Amino acid sequence: MIRLRNVSKYYPMKGGGVHYVLKDVSFDIPSNQNIAILGPNGAGKSTLLRIIGGAEAPNSGVIETEASISWPLGVKVGFQGSLTGRQNLLFVCQINGLSKVETQKVINAVFDFSELDEYFDMPVKTYSSGMRARLGFGLSINFDFDYYLIDELTSVGDAAFRKKAKQEFEKIKQSSALIYVS
């Protein structure tokens, strides 16, 4: 279970004051349940996912969980642009404590899944949004999480990638929960 208690996120505004994206949000996300968070652009959905995933801190409030949570999967995947796809994967594997053998297995699997071919060894800043999404999604499915955070991922890529992603979501749903925003 993931519990949000009085979570607020705001940003300073030019000229003073703050703009609240989330204000005193409290709710529970049950274990083994897939949920969708729907809302218009600018409603705070992606910010909420980043906070749940630990990529961004709330200004106040707490998130409580003992579950493992993925990084948000989607168009704005947090890769370092001057590193290649391969180098970004190596970095993620190292900070997650994978052995060299485990790291090579992940890199090979992501290379095959992403179908980036020669772009795999080019800087990520040269990638299209769909290419970044394929790299990020390929990486995430090679780690086991209790919850996968999905930020409008199925809206990117070509039809073949969307089909492949849907098939992977079906596999993931057997053992993990999906939190999807759109």
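Bear in mind that the values here come from a model prediction, so they are computed numbers and not experimental data.
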Given 3.5 Å as the limit, does a donor-acceptor pair link the side chain of [X] with the main chain of [Y], or not?
| X | Y | value |
| --- | --- | --- |
| N88 | Q80 | yes |
| N34 | L178 | yes |
| S182 | L38 | no |
| Q94 | F91 | no |
| K45 | P40 | yes |
| T65 | M1 | yes |

T47/L49 under side chain to side chain contact (heavy atoms under 4.5 Å, CB included): CA gap, chis, key distance, verdict = CA-CA 5 Å; T47 300; L49 277 193; over 6 Å; no

Under the salt bridge (charged side-chain N to carboxylate O under 4.0 Å, His left out) test, which residues partner [X], sequence neighbours left out?
| X | result |
| --- | --- |
| D28 | R3, R5 |
| K100 | none |
| E170 | K173 |

By side chain to side chain donor-acceptor pair (under 3.5 Å), which residues pair with [X], not counting sequence neighbours?
| X | value |
| --- | --- |
| N96 | none |
| K23 | none |
| K164 | E115 |
| N59 | none |

Determine the minimum heavy-atom distance between S140 and F145, stating which atoms define it.
->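 Here S140 and F145 meet closest at O-CE1, 3.9 Å.
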
Do you know the tightest heavy-atom contact between L149 and I52?
->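 Reported closest heavy-atom pair: CD2-CG2, 4.1 Å.
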
Residues V62, N6; criterion side chain to side chain contact (heavy atoms under 4.5 Å, CB included); working and verdict | CA-CA 7 Å; V62 295; N6 299 45; over 6 Å; no

Taking ring pair (Phe, Tyr, Trp, His ring centres under 6.0 Å) as the test, write out the residues that go with [X], two or more places apart.
| X | value |
| --- | --- |
| F143 | W71 |
| Y147 | none |
| Y119 | none |
| Y127 | none |

Without hydrogens or angle criteria, can the side chains of [X] and [Y] be said to hold a donor-acceptor pair below 3.5 Å?
| X | Y | result |
| --- | --- | --- |
| D146 | S176 | no |
| S31 | Q33 | no |
| S129 | R132 | no |

Quick one: side chains of residues 102-110, donor-acceptor pairs under 3.5 Å with protein atoms, not counting sequence neighbours, listed by atom name and distance.
unit_1	atom_1	unit_2	atom_2	d
E102	OE1	S99	N	2.7
E102	OE1	S99	OG	3.3
T103	OG1	S99	O	2.8
Q104	NE2	N108	OD1	2.9
N108	ND2	Q104	O	3.3

So, do [X] and [Y] sit near enough that their side-chain heavy atoms are less than 4.5 Å apart?
| X | Y | value |
| --- | --- | --- |
| P58 | L22 | no |
| V181 | L48 | no |
| L89 | F120 | yes |

Around [X], counting heavy atoms of other residues, nucleotides and ligands shown, do more than 12 lie under 6.0 Å from its [atom1]?
| X | atom1 | result |
| --- | --- | --- |
| D24 | CG | yes |
| E64 | CD | yes |
| D112 | CG | yes |

Verify whether the ring centers belonging to F137 and F113 lie closer than 6.0 Å.
-> yes

